[in-house]
Visitor: 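Please find one structure pasted underneath; my questions will follow.
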Amino acid sequence: MRLKKMEITGFKSFVEKVAIDFPAGVSAIVGPNGCGKSNIVDALRWAMGEQSVKQLRGKSMEDVIFAGTDGRAPLNMAEVSLVLANDGKGPDDATPEVLKHFTEVMITRRLYRSGESAYLLNRLPCRLKDIQNIFLGSGLGAKSYAVIGQGNIGAITDAGPEERRFFIEEAAGITRYKNRKTETLRKLEATNANLLRVNDIIVEVARQMNGLQRQARKAQRYKTLQARIRILDLQLSIRQYDDLYTQIREAEGEILKQKDAEGVQGAAIRRLEADIEGIKLARSQKNQEISQLKSDRFDTQRTLDKTENDLAHLREAMSRLTEEIGQLQQGREALAEKNRAMAEEMAQAAEKTAELEKEAADLQARFEGEAAETRSLKETQAAAGRELSAQKTVLDDLLQKETRHRAALDNALENKEGLERRRKRADEETLLARRETAEKEQQETAARDELTLCREALKTLDSRLAGLKDALETRQKN
């Protein structure tokens, strides 16, 4: 076999798919340092089944997948395919028998970044062992002398006896047969181990056969006894059937007798049930009567409680009304006292007004009698001015008294409104107390009469004050 072509995709620096042809004759790959020449050799070694990451110049098997650059994203898969020309027809041809009828053999190895890997032979899945068997004895292979990496030439010259022997055997083409021999010996050892296991199983089975024979004899005896037991069970069942049939006939006659007695007992039971229903009905009626009596008793007790509560409320209302009547009497006395005071003040104001009117008349007569005398007039005017100031002072006092009287009037009105509200509340409570406070109504009537008198007195006072104001204004104008 001869390497004809190699296709690389995603392996190390080969991000794009690259196909490298190896024509007949001398083939060489040249280029500057760092262009990827060694990567081609690593791809060739990797495709032929190399498992050592160190031989592939990496730290892990994932390093053979393109890791990406500044302008390219990393890939998730690396694949290398080798196309081998199968044109050897001589006796030294190392091509396996199953591949001799192929003119070309394609070997593919694929690795995913997830860790999954696959080996393909002519696009069909295969094992790593199948690929390794192809290169055994051909001088090719991952560990043969045909692929020498950079810096590994000294590994051949400095190799030990065992490694040199491996290279010589590979060159001589006997590696495949040695592997076959090793595999055959391993299979023989496994077969011997299986034979020993089979002998052990035979001894164990022979030992168990005696026990199985004894168990078989016991089983045969068991079958015989079981058949005998079945016959005896049938005979016993027939005898029990006859006995049971006789008992059933007797039981049927007894059942008929019991049915007749049951009819008589049923009639008696129905009569008892009718009596029980009548008793239940009477008991239900009694229970209803008891419930009605309990309800009447409860209503009577509730009415009694309500009457007692109403009586207590009425007593409280009477006590409260008595207190309010006393307060109203006190208020009426205070109002009468205020009215007397206001009458006295009004009398005093009337006297002062009369004096002022008299003085005003004297001043007017003096003014008309002494019109020719200027000096006397001035003196009289000065005296009149002083008297007017005094009268203004008196008027201010009267106005203040008027303000006080108005405040007293307002208080009286407020007291009247309060008395009216209390009267209304007293009327309502009096109606609720079954008209037991008739005297209160008479007192309220007297209070209203007194208030009417107060109002008339206040109106008279207002008219007198208005007259005083008009007289003062007229005098000031003159």
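The residues of the chain are indexed from 1 along the displayed sequence. Please read these numbers as outputs of a predicted model, since none were measured by experiment.
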Visitor: When you measure from the side chain of Lys59 to the backbone N and O of Val53, does any donor-acceptor pair fall under 3.5 Å?
Guide: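 Side chain of Lys59 to backbone of Val53, a donor-acceptor pair under 3.5 Å: no, none is there.
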
Visitor: Check for a donor-acceptor pair, side chain of Asp242 on one end and backbone N or O of Arg239 on the other, with a separation under 3.5 Å.
Guide: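 It does not hold such a pair.
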
Visitor: Name all pairs fulfilling the salt bridge (charged side-chain N to carboxylate O under 4.0 Å, His left out) condition that reach into residues 74-86, sequence neighbours left out, sorted by first residue then second.
Guide: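 Qualifying pairs: Glu79-Arg110.
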
Visitor: How long is the straight-line distance from CD1 of Ile229 back to CG of Leu236, given to the nearest 0.5 Å?
Guide: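 Interatomic distance, Leu236 CG to Ile229 CD1, rounded to 0.5 Å: 12.5 Å.
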
Visitor: Assess the residue pair Ile40 and Leu44 against the criterion (side-chain contact (heavy atoms from CB on, under 4.5 Å)); give the C-alpha distance rounded to whole Å, side-chain angles, the decisive distance to 0.1 Å, and a yes or no.
Guide: CA-CA 6 Å; Ile40 295 176; Leu44 179 63; 5.8 Å; no

Visitor: Rounded to the nearest 0.5 Å, how far apart are CD of Glu116 and CG of Asn76?
Guide: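 Output value for this atom pair is 11.5 Å.
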
Visitor: Tell me whether Lys37 contacts the main-chain N or O of Gly31 through its side chain, where contact means a donor paired with an acceptor under 3.5 Å.
Guide: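 Checked: pair present.
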
Visitor: Would you confirm whether Thr191, through its side chain, and Lys187, through its main-chain N or O, come within 3.5 Å as a donor-acceptor pair?
Guide: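 Pair found, side chain donor or acceptor close to backbone of Lys187.
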
Visitor: Salt bridge or not between Arg249 and Glu252? Use side-chain N to carboxylate O under 4.0 Å.
Guide: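 Salt bridge flag = yes for Glu252 with Arg249.
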
Visitor: Yes or no on salt bridge (Lys or Arg N to Asp or Glu O under 4.0 Å) for Asp260 and Lys257, after CA distance, side-chain angles and deciding distance?
Guide: CA-CA 5 Å; Asp260 296 336; Lys257 295 179 181 179; over 6 Å; no

Visitor: Got a sec, which pairs hit salt bridge (charged side-chain N to carboxylate O under 4.0 Å, His left out) with one end in residues 125-136, sequence neighbours left out?
Guide: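 Sorted result for residues 125-136: Arg127-Asp130, Lys129-Glu183.
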
Visitor: What's the separation between atom CD in Glu62 and atom OG in Ser114, rounded to the nearest 0.5 Å?
Guide: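 The CD atom of Glu62 sits 9.0 Å away from the OG atom of Ser114.
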
Visitor: Looking at Glu50 and Arg109, does any basic side-chain N land under 4.0 Å from a carboxylate oxygen?
Guide: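 No salt bridge links Glu50 with Arg109.
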
Visitor: Nearest 0.5 Å, please: how far is OG in Ser52 from CE in Met61?
Guide: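 Reported to 0.5 Å precision, the distance equals 8.0 Å.
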
Visitor: Closest approach of Gly49 and Gln132, non-hydrogen atoms and distance?
Guide: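 Scanning both residues, the minimum pair turns out to be O-NE2, 4.3 Å.
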
Visitor: Set out, in order, the CA-CA distance, both residues' side-chain angles and the distance that settles side-chain contact (heavy atoms from CB on, under 4.5 Å) for Ile65 and Leu111, then state yes or no.
Guide: CA-CA 8 Å; Ile65 304 174; Leu111 177 66; 4.3 Å; yes

Visitor: Salt bridge between Asp233 and Arg230, side-chain N to carboxylate O under 4.0 Å?
Guide: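 Judged by the 4.0 Å cut-off on N to carboxylate O distance, Asp233 and Arg230 do not form a salt bridge.
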
Visitor: Specify the closest pair of heavy atoms between Thr108 and Ser81, including all atoms of both residues, with the distance to one decimal.
Guide: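 Scanning both residues completely, I find the closest heavy atoms to be OG1-OG, 3.0 Å.
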
Visitor: With Gln215, which residues qualify under side chain to side chain donor-acceptor pair (under 3.5 Å), at least two apart?
Guide: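 Testing Gln215 for side chain to side chain donor-acceptor pair (under 3.5 Å), a comparison that skips the adjacent residues, returns none.
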
Visitor: Can you list the steps and then say if Ile107 with Leu120 is a side-chain contact (heavy atoms from CB on, under 4.5 Å)?
Guide: CA-CA 6 Å; Ile107 299 170; Leu120 304 176; over 6 Å; no

Visitor: With rounding to the nearest 0.5 angstrom, report the CG to CG distance, Leu188 to Asn194.
Guide: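 Separation between the atoms: 11.5 Å.
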
Visitor: Which pairs, with at least one residue in residues 192-206 and sequence neighbours excluded, count as a salt bridge (charged side-chain N to carboxylate O under 4.0 Å, His left out)?
Guide: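 Every pair satisfying salt bridge (charged side-chain N to carboxylate O under 4.0 Å, His left out) with a residue in residues 192-206: Glu204-Arg207.
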
Visitor: Mind listing the closest non-hydrogen atom pair of Arg113 and Pro74 along with its distance?
Guide: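 For Arg113 and Pro74, the tightest heavy-atom pair comes out as NH2-CB, 4.1 Å.
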
Visitor: Rounded to the nearest 0.5 Å, what separates atom CZ in Arg72 from atom CD in Glu16?
Guide: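 Spacing of CZ (Arg72) from CD (Glu16) equals 4.5 Å.
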
Visitor: Ring pair (Phe, Tyr, Trp, His ring centres under 6.0 Å): which pairs involve residues 256-289, sequence neighbours left out?
Guide: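 For residues 256-289: none.
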
Visitor: If you take all heavy atoms of Ser13 and Asn39, which pair is closest and at what distance?
Guide: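 Looks like OG-ND2, 3.0 Å.
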
Visitor: May I have all residue pairs that pass ring pair (Phe, Tyr, Trp, His ring centres under 6.0 Å) and include part of residues 40-75, sequence neighbours excluded?
Guide: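 Residue pairs passing ring pair (Phe, Tyr, Trp, His ring centres under 6.0 Å), neighbours aside: Phe11-Trp46.
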
Visitor: Take Ile238 and Gln235 through the test side-chain contact (heavy atoms from CB on, under 4.5 Å) and record every step on the way to the result.
Guide: CA-CA 5 Å; Ile238 292 170; Gln235 293 175 356; 5.7 Å; no

